[in-house]
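Shown next, in structure tokens, is the structure this report addresses.
Here the structure is a predicted model, which means the values were calculated and not measured. Numbering of residues begins at 1 and proceeds along the displayed sequence.
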Amino acid sequence: MYYYDFLESPLGLVKITASESALVSLSLITQADIIATPNIITDLCKTQLNEYFMNQRREFTLPLELNGTKFQKSVWNELLKIPYGKTASYKDVAVSLGNPNASRAVGGAVNKNPLFIVVPCHRVIGSNGALVGFALGIDKKTYLLDIEKNHPGK
């Protein structure tokens with residue numbers, strides 16, 4: 001069974017999906033597409049996202065349910081290691097996984113990240129420092145990176 005809630009954020013309306021025990025997905029939507037059925041995980045997620053947007057949170061302490069292939073999960077777990085306010089290239093992530101030639105595959109996995117912000121795919125940039133490859137748009141990626149760059153948080 002899944003639980004749903006919504007958060008009006010600076011990026012737009014975020015749909016929060018959780019199981020009984022973990023956060024399952026976050027998606028940016030234009031309007032609520034289901035009746036909210038919150039639980040403790042969706043409530044905790046809303047609180048932590050609000051704190052992040054108000055520059056009061058650097059790390060999320062939510063239980064996560066990462067659903068994907070073994071490779072996707074390995075990439076998403078590497079993203080969780082990129083510190084707040086820092087960036088890494090797709091190649092950096094590939095190297096950290098022990099496969100320096102897997103930059104494109106890393107990009108594909110980053111694009112499928114079901115938990116944007118919480119699993120910080122916005123911190124992944126091109127090898128030349130360019131802000132590339134953010135499924136929600138470069139403007140939103142820039143916004144998130146600016147939050148982290150300009151506000152050290154708690």
Side-chain angles (χ1 to χ4, degrees), residues 1-88 90 92-94 96-97 99 102-125 131-148 151 153-154:
M1 175 160 181
Y2 290 114
Y3 299 87
Y4 305 93
D5 209 348
F6 304 91
L7 173 70
E8 191 59 56
S9 80
L11 301 177
L13 187 62
V14 178
K15 180 180 181 182
I16 302 165
T17 304
S19 68
E20 188 71 39
S21 59
L23 183 63
V24 174
S25 72
L26 297 173
S27 51
L28 206 53
I29 60 174
T30 54
Q31 64 183 26
D33 57 355
I34 193 168
I35 295 172
T37 54
N39 73 352
I40 192 166
I41 303 297
T42 61
D43 290 346
L44 184 59
C45 182
K46 282 175 72 170
T47 297
Q48 291 191 18
L49 284 172
N50 275 324
E51 291 169 350
Y52 174 85
F53 286 120
M54 292 186 307
N55 308 310
Q56 297 172 343
R57 175 168 292 276
R58 293 171 61 112
E59 294 180 19
F60 293 93
T61 57
L62 298 159
L64 307 179
E65 183 178 309
L66 296 172
N67 297 308
T69 67
K70 183 178 178 182
F71 180 75
Q72 287 171 331
K73 289 178 190 178
S74 69
V75 170
W76 301 334
N77 280 308
E78 283 302 310
L79 301 184
L80 289 167
K81 297 175 185 176
I82 303 171
Y84 180 94
K86 304 292 183 190
T87 57
Y90 294 94
D92 293 336
V93 175
S96 70
L97 291 170
N99 191 347
S103 296
R104 281 186 186 261
V106 166
V110 169
N111 187 54
K112 300 287 186 203
N113 174 16
L115 292 168
F116 79 98
I117 301 175
V118 173
V119 176
C121 52
H122 59 280
R123 296 179 189 154
V124 184
I125 60 173
L131 302 184
V132 296
F134 194 58
L136 302 176
I138 298 301
D139 59 327
K140 291 176 177 55
K141 183 173 194 156
T142 300
Y143 180 84
L144 295 170
L145 290 173
D146 284 348
I147 285 175
E148 296 183 11
H151 302 93
K154 289 183 183 176

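Phe71 approaches Ala105 most closely through the heavy-atom pair CE2-O, 3.4 Å. When every heavy atom of Tyr3 is checked against every heavy atom of Pro38, the shortest pair comes out as CD2-O, 4.1 Å. Across all non-hydrogen atoms, the minimal contact from Ala94 to Ala102 is CB-C, 3.9 Å.
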Query - Residues Leu144, Leu11; criterion side chain to side chain contact (heavy atoms under 4.5 Å, CB included); working and verdict - result: CA-CA 9 Å; Leu144 295 170; Leu11 301 177; 4.0 Å; yes
Requested in this report: List the steps and the verdict of side chain to side chain contact (heavy atoms under 4.5 Å, CB included) for Ile147 and Asn55.
Outcome: CA-CA 7 Å; Ile147 285 175; Asn55 308 310; 3.3 Å; yes
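Residue pairs meeting the salt bridge (charged side-chain N to carboxylate O under 4.0 Å, His left out) criterion with at least one member in residues 7-20, sequence neighbours excluded, are Lys15-Asp33. For the salt bridge (charged side-chain N to carboxylate O under 4.0 Å, His left out) condition, no pair includes a residue of residues 110-120, sequence neighbours left out.
In this view, Glu65 satisfies the salt bridge (Lys or Arg N to Asp or Glu O under 4.0 Å) rule with no residue, not counting sequence neighbours. Taking the side chain to side chain contact (heavy atoms under 4.5 Å, CB included) definition, one finds that Lys81 meets it with Glu78, sequence neighbours left out. With sequence neighbours left out, the side-chain hydrogen bond (donor to acceptor under 3.5 Å, both in side chains) criterion links Ser21 to no other residue. With sequence neighbours excluded, the residues that form a side chain to side chain contact (heavy atoms under 4.5 Å, CB included) with Asp92 are Ala88, Ser89. Residues meeting the side-chain hydrogen bond (donor to acceptor under 3.5 Å, both in side chains) test with Tyr4, sequence neighbours left out: none. Residues forming a side chain to side chain contact (heavy atoms under 4.5 Å, CB included) with Asp146 (at least two apart in sequence, or on another chain): Thr142, Asn150. For Phe60, the ring pair (Phe, Tyr, Trp, His ring centres under 6.0 Å) partners are Tyr52, not counting sequence neighbours. Under the rule for a side chain to side chain contact (heavy atoms under 4.5 Å, CB included), the partners of Lys46 that lie at least two apart in sequence or sit in another chain are Asp5, Leu7, Ile16.
Between Val24 and Ile41, the closest side-chain pair of non-hydrogen atoms is not below 4.5 Å. In this structure the side chain of Thr42 never reaches within 4.5 angstrom of the side chain of Tyr2, judged on heavy atoms. Residues Pro120 and Leu80 meet the side-chain proximity criterion, which asks for heavy atoms closer than 4.5 Å. In this structure the side chain of Asn67 never reaches within 4.5 angstrom of the side chain of Pro114, judged on heavy atoms. In this structure the side chain of Leu28 reaches within 4.5 angstrom of the side chain of Val14, judged on heavy atoms. Taking the side chain as every heavy atom from C-beta outward, Thr30 and Leu13 never approach each other to under 4.5 Å.
In this structure, CZ in Arg123 is found 9.5 Å from CG in Leu79, a value given to the nearest 0.5 Å. In this structure, Gln48 CD and Asp43 CG are separated by 11.5 Å, a value rounded to the nearest 0.5 Å. Distance CG/Leu115 to CH2/Trp76: 8.0 Å, rounded to 0.5 Å. Here the straight-line distance linking atom CG of Leu62 with atom CG of Leu26 works out to 8.5 Å at 0.5 Å rounding. Between atom NE2 of residue His122 and atom CG of residue Asn113 there is a gap of 10.5 Å, rounded to the nearest 0.5 Å. Between the CG atom in Leu66 and the CG atom in Asn77 there is a gap of 6.0 Å [rounded to 0.5 Å].
Of the possible donor and acceptor atoms, none in the side chain of Asn111 sits under 3.5 Å from a partner among the backbone N and O of Gly107. The backbone N or O of Ala18 sits nowhere less than 3.5 Å from a side-chain atom of Asn39 that would complete a donor-acceptor pair.
In the displayed structure, Ile29 atom CD1 is contacted under 6.0 Å by more than 12 heavy atoms of other residues, nucleotides or ligands.
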